[in-house]
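Here the structure comes first, spelled out in structure tokens, and everything after it is commentary.
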Amino acid sequence: MILMYIFETYLDLRQHAALKLPNLPKTLEGVISKEKFEKSRAYSIDKSNFHFVSQFVAIAMDSAILLYGVLPWFWKKSGNIIELIGLDAENEIYHTLTFLAGVMIWSQITDLPFSLYSTFVIEERHGFNKQTFGLFIRDMIKGLILAIILGPPIVSAIILIVQKGGPYLAIYLWGFMFVLSLVMMTIYPVLIAPLFNKFTPLPDGELRTKIENLASSLSFPLKKLFVVDGSTRSSHSNAYMYGFFKNKRIVLYDTLIQQCKNVEEVVAVIAHELGHWKLNHTMYSFIAVQVITLLQFGGYTLVKNSKDLFKSFGFDTQPVLIGLILFQHTIIPIQHLVSFGLNLVSRAFEFQADAFAKNLGYSKPLRDGLVKLQEENLSAMNTDPWYSAYHYSHPPLVERLAAIDEADKKVD
């Protein structure tokens with residue numbers, strides 16, 4: 001963990017130096033205004049400074065928890081709490097849920113100062129925060145209630161599967177998580193997302209007509225087209241699509257429509273998103289995640305009965321949840337390598353989706369739209385190549401514009 005922290009801090013320092021560069025990259029000169037560049041630079045440096053502090057606190061706390069045996073101590077205390085309220089302390093499900101309740105309370109306490117500072121200091125200072133403190137607290141309470149409702153049945157099911165799984169445990173765990181992910185993808189946009197945001201049909205007009213015509217020309221089974229009130233919380237913008245089979249939906253942030261005054265720019269962004277669908281990027285990514293999940297569960301089954309692993313972290317027993325936590329800690333370097341690989345694939349997909357939109361005739365509006373989103377979101381203009389290669393799932397704007405321009409030159 002500490003070695004990974006040192007390596008990533010080195011990359012953060014490289015990126016911090018790039019953010020402090022006083023001039024725009026040559027590709028963006030004359031494209032991005034000096035005023036927007038200075039605002040972006042100030043915003044990025046503020047976020048970078050905050051990141052250094054939050055990451056240092058996180059590694060210090062995680063290291064202290066492991067070195068001083070906080071996990072086994074709190075596991076035993078959770079058993080004592082179970083006995084005090086008159087439940088069976090030998091019941092692993094009760095024990096685990098009590099343990100998780102304490103962890104959730106601790107996480108809320110330790111994370112809250114950072115969330116408040118990020119939202120009401122950094123985002124507020126740079127004009128992005130639109131939510132009130134009351135809305136922030138309501139969102140936090142809603143999240144806790146959802147965790148209390150959804151967490152216990154999911155955790156209980158995982159414990160039972162591990163206890164009864166036998167030699168096919170990895171497959172059973174993967175199957176459960178696969179079904180769970182499909183269920184969550186189904187209910188989240190319908191039942192959960194509306195608890196936090198208001199979704200309204202995109203009004204009739206030029207934008208709706210052009211998006212529907214584009215979807216129809218690509219045989220995209222668009223059933224509903226929504227606008228979400230992202231502006232109630234932030235002025236950052238986005239767009240996404242979701243749904244299974246013949247029931248697809250597209251969601252536009254109201255901030256995206258406000259920032260891209262030209263309808264063609266919004267349509268170009270949607271063309272890019274539809275490119276992901278047409279080129280099966282979503283399916284490939286989903287399959288990759290499922291394979292990685294299965295491999296992780298396979299690795300867990302190899303160590304879940306290792307008494308030495310549990311003893312080395314101070315545990316006398318071998319609880320299912322603790323085994324999963326310890327396993328996740330031991331494979332942190334591998335997880336980072338896998339994440340790096342997925343980012344490489346994701347960036348390739350982004351270039352392909354840009355090319356798809358360009359081939360539909362949206363080269364200029366896509367270029368203009370990407371620039372507008374970069375400006376309005378005050379995204380980093382200067383990026384360190386090592387940092388972006390390791391962390392970014394999307395290519396920097398400079399690289400995307402260069403790829404679009406290069407394609408134009410080849411056509412010429």
Side-chain angles (χ1 to χ4, degrees), residues 1-25 28 32 36-66 106-131 133 136 139-140 143 230 233-238 328-329 332-333 335-344 346-347 350 373-399:
M1 284 168 53
I2 292 173
L3 287 174
M4 290 304 303
Y5 168 74
I6 292 171
F7 170 68
E8 292 187 347
T9 299
Y10 168 69
L11 293 181
D12 291 339
L13 289 169
R14 289 179 60 98
Q15 175 66 0
H16 193 76
L19 295 174
K20 296 177 83 170
L21 292 174
N23 298 312
L24 277 163
L28 299 182
I32 303 289
K36 286 291 185 182
F37 171 63
E38 292 299 336
K39 288 182 177 180
S40 163
R41 188 163 166 262
Y43 178 51
S44 297
I45 291 174
D46 272 0
K47 288 198 301 179
S48 180
N49 289 331
F50 176 72
H51 177 75
F52 282 120
V53 175
S54 61
Q55 290 302 106
F56 176 77
V57 172
I59 189 65
M61 288 176 57
D62 288 346
S63 299
I65 287 171
L66 292 177
W106 170 254
S107 296
Q108 287 296 325
I109 293 172
T110 55
D111 292 345
L112 186 58
F114 293 97
S115 296
L116 289 171
Y117 187 86
S118 175
T119 302
F120 294 103
V121 177
I122 295 179
E123 296 296 305
E124 185 81 29
R125 179 186 297 159
H126 296 279
F128 287 116
N129 179 50
K130 302 300 178 184
Q131 63 180 321
F133 181 73
F136 178 90
D139 282 351
M140 185 176 69
R233 288 168 175 78
S234 172
S235 58
H236 288 296
S237 55
N238 200 359
Q328 290 299 316
H329 274 92
I332 282 177
Q335 288 177 322
H336 284 266
L337 285 174
V338 170
S339 177
F340 172 64
L342 291 176
N343 282 343
L344 290 177
S346 176
R347 283 199 297 276
E350 292 301 316
L373 292 177
Q374 184 86 359
E375 282 187 324
E376 296 301 326
N377 288 287
L378 298 184
S379 301
M381 305 295 175
N382 288 300
T383 56
D384 177 74
W386 288 20
Y387 179 90
S388 63
Y390 182 78
H391 284 291
Y392 283 10
S393 61
H394 286 54
L397 177 64
V398 171
E399 295 180 18

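Worth knowing before you read on, the calculation uses all heavy atoms, side chains too, and leaves out hydrogens, waters and symmetry mates.
Looking at heavy atoms from C-beta onward, M61 lies in side-chain contact with W106 at the 4.5 angstrom threshold. Residues F50 and V121 form no side-chain contact, since every pair of their non-hydrogen atoms from C-beta on lies 4.5 Å or further apart. Residues I122 and Y117 meet the side-chain proximity criterion, which asks for heavy atoms closer than 4.5 Å. Side-chain contact between N23 and F37 is absent, with no heavy-atom pair separated by less than 4.5 Å. For the pair F120 and N129, the minimum side-chain heavy-atom distance is below 4.5 Å. A 4.5 Å side-chain heavy-atom check between L28 and Q374 finds every atom pair outside the cut-off. Contact annotation: the side chain of F52 approaches that of H16 to within less than 4.5 Å [non-hydrogen atoms, C-beta and beyond]. The closest side-chain heavy-atom distance from K47 to L19 is not below 4.5 Å.
A distance of 12.5 Å separates CD1 in I332 from CG in L337, rounded to the nearest 0.5 Å. Here E399 contributes atom CD and H394 contributes atom NE2; the two are 13.0 Å apart, rounded to the nearest 0.5 Å. Note that OG of S54 and CG of N49 are 10.5 Å apart. Values are rounded to the nearest 0.5 Å. Of the inter-residue distances, the one linking H391 atom NE2 with D12 atom CG reads 5.0 Å to the nearest 0.5 angstrom. The distance from atom CD of Q15 to atom CD1 of I45, rounded to the nearest 0.5 Å, is 10.5 Å. The distance from the CZ atom of F136 to the CG atom of L112 is 5.5 Å, given to the nearest 0.5 Å.
Although no hydrogens or angles enter the test, the distance criterion places no donor-acceptor pair under 3.5 Å between the side chain of S346 and the main chain of L342. Judged purely by atom type and a 3.5 angstrom limit, S339 has no side-chain atom pairing as donor or acceptor with the backbone of Q335. Judged by distance alone, with hydrogens and angles left aside, the side-chain atoms of D384 form a donor-acceptor pair with the main-chain N or O of W386 at under 3.5 Å.
In this structure E375 satisfies the salt bridge (charged side-chain N to carboxylate O under 4.0 Å, His left out) test with no other residue, sequence neighbours excluded.
Taking both residues in full, the closest heavy atoms of L378 and S44 are given as O-OG, 4.0 Å, listed atom of the first, atom of the second, then distance. The shortest heavy-atom contact between A380 and Y392 is CB-OH, 4.4 Å. Minimum heavy-atom separation, N377 to L373: ND2-O, 2.8 Å. The shortest heavy-atom contact between N382 and A18 is CB-O, 3.3 Å. For the residue pair S40 and M381, the shortest heavy atom distance occurs at OG-CG, 3.7 Å. Nearest heavy-atom pair, R347 versus S388, reported as atom, atom and distance to 0.1 Å: NH1-O, 3.3 Å.
A salt bridge between E38 and R41 is present, with a side-chain N of the basic residue lying under 4.0 Å from a carboxylate O of the acidic one. The existence of a salt bridge linking E376 and K36 is confirmed by a sub-4.0 Å separation between a basic side-chain nitrogen and an acidic carboxylate oxygen.
Side chains of Y43 and E123: a donor-acceptor N/O pair is present below 3.5 angstrom, by distance only.
No more than 12 heavy-atom neighbours from other residues, nucleotides or ligands sit within 6.0 angstrom of CZ on F56.
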